Amino acid sequence: MSPRRARRMNPFDRGRRGGPPANPLNTSPRGVDRVEDWPDGDWTVRMLAGGASGKLYRCPGCEQDVRSNVPHIVSWPTIPGGEEERRHWHTACWRKRLDRGPGRTRY
């Protein structure tokens, strides 16, 4: 048997060599609509990368500003006329929205 050379460890190598790129949220590409099934109904969700439009939105989850240049989510109920109820959410607020306290509406 030939001796194996020890490979130097790279501190920036996260073990993703040769595999598919990591996608922790298992999301669709940004700007593409998808339907998510939640206990409070089906929601159409679109992930936005953030642009330079200069618009400012209010996140219904935390009541804080969602700046247009920050990646975030736009969602609306998957019902006829649901597009009129579109809301811009921080991604974390959208994921935790069912954990909000009593007396809070769905948006």
Side-chain angles (χ1 to χ4, degrees):
M1 281 189 154
S2 64
R4 296 179 66 172
R5 289 192 326 177
R7 194 166 91 182
R8 286 189 178 195
M9 292 188 65
N10 181 347
F12 300 105
D13 181 11
R14 302 281 189 239
R16 290 188 222 134
R17 231 179 254 169
N23 192 356
L25 293 177
N26 195 18
T27 59
S28 59
R30 296 197 185 279
V32 176
D33 296 349
R34 69 177 185 275
V35 175
E36 293 186 4
D37 181 27
W38 286 79
D40 62 345
D42 291 343
W43 292 84
T44 303
V45 177
R46 179 183 301 155
M47 292 191 67
L48 300 177
S53 69
K55 290 187 178 181
L56 192 62
Y57 304 102
R58 175 73 69 182
C59 175
C62 67
E63 302 293 330
Q64 300 296 315
D65 292 338
V66 179
R67 299 187 186 280
S68 63
N69 60 345
V70 173
H72 63 281
I73 288 176
V74 178
S75 68
W76 60 92
T78 307
I79 57 173
E83 301 86 18
E84 311 232 346
E85 299 183 35
R86 275 189 320 203
R87 299 292 183 267
H88 292 254
W89 295 74
H90 294 109
T91 305
C93 294
W94 172 252
R95 299 283 177 227
K96 299 291 289 177
R97 70 188 176 83
L98 295 180
D99 297 337
R100 297 184 317 170
R104 304 288 302 264
T105 62
R106 62 182 178 175
Y107 48 74

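All of these numbers come straight from a predicted model, not from anything done at the bench.
Here the options are Lys96, Arg95, Arg97, the test is side-chain hydrogen bond (donor to acceptor under 3.5 Å, both in side chains), and the partner is Asp99; only Lys96 passes. A side-chain contact (heavy atoms from CB on, under 4.5 Å) with Tyr57 is found for exactly one of His88, Gln64, Arg87, Arg67, namely His88.
With His90 contributing its side chain and Asp65 its backbone, the two residues share a donor-acceptor pair below 3.5 Å. Thr78 places a side-chain N or O within 3.5 Å of a backbone atom of Thr44 that can act as its donor or acceptor partner. A distance-only check finds a donor-acceptor pair linking the side chain of Arg58 to the backbone of Glu63 [under 3.5 Å].
With rounding to the nearest 0.5 Å, the separation of CG in Leu48 from CG in Asn69 is 12.5 Å.
Among all heavy-atom pairs drawn from Ser75 and Trp43, the shortest one is OG-CE3, 4.2 Å. The two residues Leu98 and Pro39 come nearest to each other via the heavy atoms CD1-CD, 3.5 Å. Shown here for Cys59 and Trp89, the closest heavy-atom pair between the two residues is SG-CA, 4.0 Å.
Other residues, nucleotides and ligands place no more than 12 heavy atoms under 6.0 Å from the CZ atom of Arg86.
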Next item on the list: Any chance you could lay out the side chain to side chain contact (heavy atoms under 4.5 Å, CB included) test for Trp94 and Val45, step after step, and finish with the verdict?
Entry: CA-CA 10 Å; Trp94 172 252; Val45 177; 3.7 Å; yes

